[in-house]
Amino acid sequence: MKKPKSKQVRIQGRNTEVQEIQLLEKWIEFGKPESGSNPLSLPPLPAKSPIGRIDENTYSQYAGCTKFQQLPISKNLKDGLRQAGYKNMTNIQRASLPHSLSGRDILGAAKTGSGKTLAFIIPVLEKLYKARWGLEDGVGSIIMSPTRELADQLFGVLKSVGKHHGFSAGLLIGGHEYDEEKDHVNRMNILICTPGRLLKHMDTTPNFDCSQLQVLVLDEADRILDAGFKKEVNAIISQLPKHRQTLLFSATQTKSVKDLARLSLKDPEYIAVDEESIAATPNRLQQKVILVPLDQKLDMLWSFIKAHLNSRILVFLSTCKQVRFVHEAFKKLRPGIPLKCIHGRMKQVKRMFILQQFVEQRSVLFSTDVSSRGLDFNKGVDWVVQVDCPDDVATYIHRVGRTARYDSIGRSVLFLLPSEMKMLERLQEKKIPVEFDKPNTKRLQSVSGLLAALLAKYKDLQPLAQRAFKTYVKSIYKQKDKEIFDVTKLPIDDFSASLGLPMTPQLRYLNRKDIDKNTPGEPVSVPQNSAKKDFIRLKPSNDLLEESDDEETLDLLRSKETTDGDDAKAIAADNLPTTRVLKKKKLKINVHRPVGTRVVFDEEGNTLPPLARLADIGTTDSGLLDKQKVMERFAELREEMKTRDQEDKLLDRKRRKEKRIKEKEKYKRARNEEEDDDEDDFSGSDKDSKKVKGSKVYFDSDSDGDMKDKAALKTDEISLAEQEELALKLLSSMH
Ligand SMILES: Nc1ncnc2c1ncn2[C@@H]1O[C@H](COP(=O)(O)OP(=O)(O)OP(=O)(O)O)[C@@H](O)[C@H]1O
């Protein structure tokens, strides 16, 4: 255990702390850069120039310095930075820290992976240190992040570089024990949080007080300020003091006057270190865009994964349901690399665990945009694959920014549908150096047949596939940018079949006529300034693939990791059929066929029994499946069907039995209740509602309830004869 410090040492410590703070304040005041200037434009300070006080009134210059040690920051922080391995500053740090350390508001924009986190954590720690903030002072700084994972990551950086400071810090995010947080939140100096959780504490935690706040930070500021968080953020800001320092950072920054007015920034410094740079994305990032028809996206993705088995691949899909389906289905197909998935519907602990695992080993992580912003996978992501088109250019930049971080290299590929080619133009308008190419489909492996078999085998997979289908189409339908996202141009039947679904699920909000009118191929124009200046006429989606045989096409699928022979073996081992380029045929529709059956046609347009289709796929040029194998497979499937049939019957019998028992119980309960009701009536309770039909009740207004009941009982007991007798008596007495 640490020996407690003597009083003498403590006083000395405090004195040196006060002295250090005085020195830092004078140093900062002496050398702060001109407002509006960019310290990056100053010549770098020599490595061996003096640091700190030079004589009575002169201090070293720090605007233009390149090392953390040359900054006017506390020794505690310098030690923390050194121990965490940070020595030289990145551009955004060099440009913003001289301003932010002198207390100015900052609006900082720099590419993904360029070190923005330290650019705001350093001024937060220093501001509180110089204000001599202590436990009893409460919340001094709030750092907001749009996602829990990012907040958790920021918390990690804060803990590592701020470990020599005595501040308390708390992570307030959904998925954590709210009641536990409630007990501690008032004692926290620095809060790292998501907007929703912070607001919950503001609304419900007794004595939660942010009135002394010194610094507010919004990481991924454009996201936090957009419509999704508007209500929460407005409510939070209305409860914060106006007199504070505000730091906003993002790779895609907002300059909207409205947003800034909401935050009441005071003459903010606009620091955009990459404004002159040609690209808005890291220079070490290689970016490709390829045209992939919707019904071949999964084939392309599967083939891509098979060709990059030794990589760490981050795959973006639009919806949670798609992520779940692709993950579950591909896992069952065993590609030979660990597969993981993450999405917003998962428990927080599991999300964190999966991210940790992904950082540690080669694997594929299927994700929604929950991982698109801010996450730093420790330079580990080799490929970012965007299977579904991002909502906008900003989302594209953040997604690809998960690779090529700091000084590492990275690669990305975006699949675009023929109807989404406008996105390519948008990327080029924003100076994003994407290379457009046609995929080399020679090695494309089809998975739709396998998915159909999987769906038949695993009952729980079919609803997943249906939901994946529905949520994807709905996501396109709901997109605001109709120039890029046009739901009527989606080949929805082909898409449904490509997920292995026997029938296209119904979409009530869509008019089939609109879709069918638009789905036949339209000419696809490739923007003039893209890498390949040609036009592709897309008729049926597969025609595109036939055109892409030239040598120059993007050979995404030919990786160093698998050679021709290896690949073929891999296919044979997996029993995967190679891709067949099919011509679109006119389908003959039999309206009388039973609902739920899938009709398959041969080359001539004749119907085929379902099993024959399997055999047909297998017997392609490669001859991977011989006749005997096919027959074996047939027998296997027949056996499978028999057992499944028996299982179904048993299940059905069980269900019916349960239903019968339930009905019996219900009937018994109803009878018992009737009996109870009768009893209730006779005991005289709840009379209004349970009056027995036909019985008359006479009340004496002065008598109490018991008496009334007795009277009622008595009245019921008088027979007709007695009543007549009574009436006669009455009449005779009247005369
Ligand atoms: N000065 C530095 N020296 C060395 N490495 C650094 C430095 N600053 C940051 N890094 C490293 O660079 C990586 C990216 O940093 P960071 O996560 O802060 O980027 P970012 O700009 O916030 O990215 P994004 O826009 O995606 O959120 C991290 O691994 C971080 O440790």
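We count ligands from 1, going down the list as the structure has it; atoms in each ligand are counted the same way. Counting begins at 1 with the first residue of the sequence.
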Do any nitrogen or oxygen atoms of G115 come within less than 3.5 Å of a nitrogen or oxygen of ligand 1?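 Yes, since at least one N or O of G115 sits under 3.5 Å from an N or O of ligand 1.
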
Look at [atom] and find which of [options] reaches it with the closest heavy atom.
| atom | options | answer |
| --- | --- | --- |
| atom 14 (C) of ligand 1 | G113, S250, G85, A110 | G113 |
| atom 22 (O) of ligand 1 | L375, T117, V157 | T117 |
| atom 10 (N) of ligand 1 | F120, F377, F249, Y86 | Y86 |

Show the atoms of ligand 1 that are less than 4.0 angstrom away from any heavy atom in E220.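 Within the 4.0 Å cut-off of E220, ligand 1 contributes 27 (O).
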
Quick check on contacts: which atoms of ligand 1 are under 4.0 angstrom from a heavy atom of F68?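 Going through ligand 1 atom by atom, the ones under 4.0 Å from F68 are 1 (N).
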
Please work out whether any backbone atom (N, CA, C, O) or any side-chain heavy atom from C-beta onward of R402 is under 4.0 Å from ligand 1, and answer side chain, backbone, both or neither.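 Within the 4.0 Å criterion, R402 contacts ligand 1 through side-chain atoms alone.
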
Report yes or no: is the cationic atom of K200 (NZ for Lys, CZ for Arg) under 6.0 Å from the centre of the six-membered ring of Y178, at an angle within 45° of the ring normal?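 Yes, K200 sits over the ring of Y178.
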
Taking the basic N atoms (NZ, or NE/NH1/NH2) and the acidic carboxylate oxygens, is any pair closer than 4.0 Å for K26 and E29?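 Salt bridge flag = no for E29 with K26.
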
Using the side-chain hydrogen bond (donor to acceptor under 3.5 Å, both in side chains) rule, pick out the option among K130, E20, E126, H164 that qualifies with S74.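 Result for side-chain hydrogen bond (donor to acceptor under 3.5 Å, both in side chains) with S74: E126.
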
Testing K67, Q69, R94 one by one against N88 for a side-chain hydrogen bond (donor to acceptor under 3.5 Å, both in side chains), which residue passes?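 Checked K67, Q69, R94 against N88; only one passes side-chain hydrogen bond (donor to acceptor under 3.5 Å, both in side chains): K67.
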
Atom pair OG (S318) and CG (D369), whose distance is rounded to the nearest 0.5 Å: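 The OG atom of S318 sits 7.5 Å away from the CG atom of D369.
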
